[in-house]
Amino acid sequence: MVCAEPKPGLHHLFRVRPYDLAATLDSGQAFRWTQSSGSWTGVVGGRWVRLRSCAEGIAAETAAPVKDWGWLGDYLQVQVDLNRVLDTLPPHPQLASALTQHRGLRLLRQDPWECLASFILSSTKQIKQIKQIVERLCREHGDRVPTPATEPEAWSFPVAGRVADLRETDLRAMGMGFRAPHLLRAAQAVASGSMDLEGLKRLSLAEARASLMNLPGVGRKIADCVLLFSLGFDEAFPVDVWVMRALKSAWFPNRSPSLKELVRFSESHFGPHAGYAQQYLFHQARSNSSFPRLKVIT
DNA sequence: GTCCAGGTTCACG
DNA sequence: CGTGAACATGGA
């Protein structure tokens with residue numbers, strides 16, 4: 001695939017491998033990427049971005065000139081030596097199969113507020129619905145961001161202060177249901193500074209997790225998503241229904257451990273980059289069974 | 001119409 | 001400490 005770079009400042013090539021862009025952007029960690037004719041469009045750091053994977057790595061395109069592409073490289077985690085990270089995971093047939101099948105799937109480094117808000121909205125919702133509700137929140141309360149003339153409009157994710165100024169009824173009107181008060185409280189906490197998301201990076205995993213779990217509507221699973229997908233805690237290991245099934249079938253085929261036991265198991269079994277194992281297991285579980293897009297017609 | 005979705009919380013035994 | 005139900009909404 002060719003990665004031509006006609007307009008200086010609007011294009012950049014990240015030389016990185018392996019990188020499975022589709023798996024990474026569509027594996028349920030971020031909710032704002034859409035695929036169209038082989039490329040992916042989204043909004044990162046208030047900028048419209050289009051990404052395409054090519055032989056050398058990832059070709060990026062923006063709508064406005066960019067001098068320093070660090071913000072995007074950081075988001076995409078292109079500096080991570082993925083093979084070395086994956087080498088630290090314990091050997092196990094099912095996990096090895098996931099690593100082989102989807103090698104190149106990476107963890108992103110998202111904006112903590114966007115990540116927290118998105119996962120507060122995620123509870124007992126299908127990924128498709130999460131994408132819809134997040135997009136609606138952006139469209140109604142985010143800011144327009146510049147896009148190429150031929151592209152559809154795009155909006156930034158609304159800052160916490162913007163959401164904090166809304167009322168619960170406004171949020172419920174967007175279809176958030178019982179999650180509405182949770183999102184509002186989180187927005188107020190972040191906007192007021194009583195919840196310092198960036199500051200959590202300086203705490204231990206347990207301390208940062210406990211802090212997040214003080215927010216209403218944020219339990220262990222959502223806290224771990226935020227820790228793993230936005231704050232750089234590679235050891236965080238969110239256990240949702242999919243990961244629970246994967247753990248049971250691969251490590252406990254003859255009985256049905258409780259969620260608590262599985263969480264305890266995950267804490268001691270996968271090592272310092274446990275979150276990568278989690279993401280591969282999650283993605284494989286969804287791809288193999290009922291990933292709607294990939295459902296095989298037999 | 002029924003079941004379930006990248007959960008959390010609270011009441012009850 | 002473990003289990004079960006409520007919580008809103010919409011896709012499959």
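What you are looking at is a predicted structure, and each value in this text was computed from that prediction instead of being measured. Each chain gets a letter, A, B and so on, in the order the sequences are listed, and its residues count up from 1.
The shortest distance between the side-chain N/O atoms of A:Lys128 and the OP1/OP2 oxygens of C:dA12 is below 4.0 Å. For B:dC4, the OP1/OP2 oxygens have no side-chain nitrogen or oxygen of A:Arg245 closer than 4.0 Å. Dashed line: the shortest gap from a side-chain N or O of A:Lys260 to OP1 or OP2 of C:dC1 is not under 4.0 Å.
Checked by atom type, the side-chain pair A:Ser204/A:Glu207 shows a donor-acceptor distance below 3.5 Å.
Comparing A:Pro216 and A:Lys221 along DNA chain B, the residue whose closest nucleotide (by nearest heavy atom) sits nearer the 5' end is A:Lys221. Nearer the 5' end of DNA chain C, as judged by each residue's closest nucleotide, is the contact made by A:Thr124, out of A:Gln132 and A:Thr124.
Protein atom CZ of A:Arg220 is 14 Å distant from nucleotide atom P of B:dT9, rounded to whole Å. Summarising the geometry, the separation between CZ on A:Arg179 and P on C:dG10 is reported as 10 Å, rounded to the nearest angstrom. One can place NE2 of A:His182 at 11 Å from C1' of C:dA8, the figure rounded to the nearest angstrom. Atom CZ of A:Arg185 is separated from atom P of B:dT8 by 16 Å (rounded to the nearest Å). Taking atom CZ on A:Phe282 and atom P on B:dA5, their separation rounds to 11 Å, with Å as the unit. Counting to the nearest Å, the C1' atom of C:dA5 and the CZ atom of A:Phe178 are 13 Å from each other. One atom, CG of A:Leu259, and another, P of C:dG2, lie 11 Å apart when rounded to the nearest Å. Look at CG on A:Leu215: it is 12 Å from P on B:dT8, rounded to the nearest Å.
The hydrophobic cluster containing A:Val145, built from Ile/Leu/Val/Met/Phe/Trp/Tyr side-chain heavy atoms closer than 4.5 Å, also comprises A:Val43, A:Trp48.
Taking atom P on both C:dA8 and B:dA11, the two are 15 Å apart, rounded to the nearest angstrom. Using atom P as the reference point in both C:dA5 and B:dC3, the two lie 14 Å apart (nearest Å).
Backbone-only contact: A:Gly217 has heavy atoms under 4.0 Å from sugar-phosphate atoms and none from a base. At the heavy-atom level, A:Val239 lies nowhere under 4.0 Å from the strands shown. Using a 4.0 Å heavy-atom distance criterion, A:Glu261 is classed as making no nucleic acid contact. At the heavy-atom level, A:Phe31 lies nowhere under 4.0 Å from the strands shown.
When distances are taken from the side chain of A:Ser123 to each of C:dG10, C:dA8, B:dG7, the shortest belongs to B:dG7. With distances taken from any side-chain atom of A:Gln129 to the nucleotides C:dT9, C:dA8, B:dG7, the minimum falls on C:dT9.
Taking the charged nitrogens against the carboxylate oxygens, A:Lys131 and A:Glu135 have no contact shorter than 4.0 Å, which rules out a salt bridge. Taking a cutoff of 4.0 Å between a charged side-chain nitrogen and a carboxylate oxygen, A:Lys221 and A:Asp224 do not qualify as a salt bridge.
For A:Phe31 and A:Phe119, the ring centers sit closer than 6.0 Å to each other.
Rounded to the nearest 0.5 Å, atoms CG (A:Asp26) and OG (A:Ser287) are 9.5 Å apart.
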